[in-house]
Novice: 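The structure is given below, and queries will be raised subsequently.
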Amino acid sequence: MREAIFERRTKETHINIDLNLDSGDESEIATGVGFFDHMLDLLAFRAGFALQLECDGDLYIDAHHTVEDTGICVGLALKTALGEKVGIARYGTASLPMDEALVNVALDISGRGYLVFNAEIPAENCGTFPTELAEEFFRAFAHNAGITLHINLVYGKNAHHILEAIFKAVGIALAQAVAITGTGIPSTKGVI
């Protein structure tokens, strides 16, 4: 079973995480930022992951540390759960509409963390979630997971729809990329 369980504690956040790539059970997410919890739940559902995550962060300052540190932990958990990456498809793509919004996502579980984020979010907040933190989450996630991740908003006007399309599309692309489709390391180098 591809799973990672760990705890990360800093002066800014305390995070417990259990990520299972194969169970598909329901996720339980509590970061203290409702909209962010909803987005993480959508990502995990579309990826087919079971994500148990609890974050106690310094929300009295703002949501930045909570969101960024959650990205670090989800990225590290994914990297750990994938192990040597034997047999994975490695690549994933998704083009996802959400009402008036359209998002394209492409990713490569390359061992090299890199983010391209081309999405202007037309509102400063969705609930208590500052929308600029979506990019911070995905940067921390991609870097710590060792994933090359490209997120491109084709068009859209509603911030909620845009962000929901992004998180769902990343989940769909992850489902493709982590799927077991072979028996070897998916690289001519022999290692990822």
Side-chain angles (χ1 to χ4, degrees), residues 12-13 15 17 26-49 51 53-75 77-78 91-110 112-177:
E12 299 166 341
T13 61
I15 297 175
I17 187 167
E26 287 191 24
S27 296
E28 293 181 22
I29 300 160
T31 65
V33 184
F35 182 83
F36 185 46
D37 293 352
H38 178 49
M39 293 300 106
L40 291 173
D41 188 51
L42 294 172
L43 187 154
F45 179 81
R46 295 297 168 192
F49 299 166
L51 175 61
L53 187 146
E54 185 175 356
C55 177
D56 181 17
D58 55 3
L59 294 176
Y60 63 91
I61 294 173
D62 66 14
H64 191 283
H65 299 141
T66 293
V67 173
E68 183 176 35
D69 288 8
T70 297
I72 290 168
C73 289
V74 175
L78 179 61
Y91 300 98
T93 61
S95 183
L96 193 133
M98 177 71 187
D99 295 345
E100 87 299 339
L102 179 64
V103 169
N104 291 328
V105 167
L107 63 84
D108 174 11
I109 302 176
S110 62
R112 297 178 307 278
Y114 194 86
L115 175 69
V116 174
F117 189 91
N118 292 318
E120 293 289 328
I121 313 298
E124 289 186 15
N125 295 288
C126 280
T128 60
F129 179 78
T131 57
E132 68 181 2
L133 294 184
E135 184 173 0
E136 296 301 320
F137 168 78
F138 285 112
R139 181 176 293 108
F141 169 71
H143 177 75
N144 287 278
I147 291 177
T148 301
L149 175 59
H150 290 243
I151 297 171
N152 292 289
L153 171 63
V154 180
Y155 43 76
K157 295 179 180 178
N158 181 288
H160 188 127
H161 296 163
I162 291 167
L163 289 170
E164 187 164 333
I166 288 171
F167 278 83
K168 284 179 175 177
V170 170
I172 291 167
L174 280 170
Q176 295 169 15

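Fair warning: this is a prediction, and the values are worked out from it, not measured in the lab. Numbers here are sequence positions counted from 1.
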Novice: What's the separation between atom NE2 in His64 and atom OG1 in Thr66, rounded to the nearest 0.5 Å?
Specialist: 10.5 Å
Novice: Using ring pair (Phe, Tyr, Trp, His ring centres under 6.0 Å) as the criterion, list what pairs up with Phe35, not counting sequence neighbours.
Specialist: Phe129, His160
Novice: Any chance CD of Glu26 has more than 12 other-residue heavy atoms, nucleotides or ligands included, within less than 6.0 Å?
Specialist: no
Novice: Please find the pair of heavy atoms, one from Ala165 and one from Met98, that lie closest to each other, and give the distance.
Specialist: CB-CB, 3.8 Å
Novice: For Ala175 and Ala47, work out which heavy atoms get closest and say how close.
Specialist: CB-O, 3.5 Å
Novice: Return the set of residues passing side chain to side chain donor-acceptor pair (under 3.5 Å) with Glu100 (not counting sequence neighbours), or none when no residue passes.
Specialist: His161
Novice: State which residues pass side-chain contact (heavy atoms from CB on, under 4.5 Å) with Ser110; sequence neighbours excluded, sorted by chain then number.
Specialist: Arg90, Asp108, Arg112, Thr148
Novice: With Leu153, which residues qualify under side-chain contact (heavy atoms from CB on, under 4.5 Å), at least two apart?
Specialist: Val103, Ala119, Ile162
Novice: Could you give the distance from CG (Leu43) to CD1 (Ile29), rounded to the nearest 0.5 Å?
Specialist: 8.5 Å
Novice: If the condition is side-chain contact (heavy atoms from CB on, under 4.5 Å), which residues does Ala63 pass it with, not counting sequence neighbours?
Specialist: Val33, Leu59, Val67, Pro130, Leu133
Novice: For Asp58, check side chain to side chain donor-acceptor pair (under 3.5 Å) against everything at least two apart and list the hits.
Specialist: His65
Novice: Roughly how far, to the nearest 0.5 Å, is CG of Leu107 from CG of Leu115?
Specialist: 11.0 Å
Novice: Between Ala94 and Ala173, what is the shortest heavy-atom contact and its length?
Specialist: CB-N, 4.3 Å
Novice: Is there side-chain contact between Leu53 and Thr70, with at least one heavy-atom pair below 4.5 Å?
Specialist: yes
Novice: State the CG-OG1 distance between Leu163 and Thr131, to the nearest 0.5 angstrom.
Specialist: 6.5 Å
Novice: By the side-chain hydrogen bond (donor to acceptor under 3.5 Å, both in side chains) test, which pairs, at least two apart or in different chains, include something from residues 32-47?
Specialist: Thr31-Asp37
Novice: Does Ala44 have any side-chain contact (heavy atoms from CB on, under 4.5 Å) partners at least two apart in sequence or in another chain, and if so, which?
Specialist: Ser27, Phe49, Leu51
Novice: Please list, chain by chain and in numerical order, all residues satisfying salt bridge (charged side-chain N to carboxylate O under 4.0 Å, His left out) with Arg139, sequence neighbours excluded.
Specialist: Glu135, Glu136
Novice: So, taking the atom named CG in Leu149 and the one named NE2 in His143, what distance separates them when rounded to the nearest 0.5 Å?
Specialist: 14.0 Å
Novice: Looking at CD1 of Ile147 and OH of Tyr114, how far apart are the two atoms once the value is rounded to the nearest 0.5 Å?
Specialist: 15.5 Å
Novice: I'd like to check the side chain to side chain donor-acceptor pair (under 3.5 Å) partners of Asn125; sequence neighbours left out, ordered by chain and number.
Specialist: none
Novice: Please check if atom CZ in Phe117 has more than 12 non-hydrogen atoms from other residues, nucleotides or ligands closer than 6.0 Å.
Specialist: yes
Novice: For residues 65-74, which residue pairs pass the salt bridge (charged side-chain N to carboxylate O under 4.0 Å, His left out) check, not counting sequence neighbours?
Specialist: Arg8-Asp69
Novice: Show your working on side-chain contact (heavy atoms from CB on, under 4.5 Å) between Ile121 and Glu132 and close with a plain yes or no.
Specialist: CA-CA 8 Å; Ile121 313 298; Glu132 68 181 2; over 6 Å; no
Novice: Apply side chain to side chain donor-acceptor pair (under 3.5 Å) to Asn152 and list each qualifying residue two or more places apart in sequence or on a separate chain.
Specialist: Asn118
Novice: On the 0 to 90° scale, with breaks at 30° and 60°, tag the Phe138-Phe141 ring pair as parallel, tilted or perpendicular.
Specialist: perpendicular
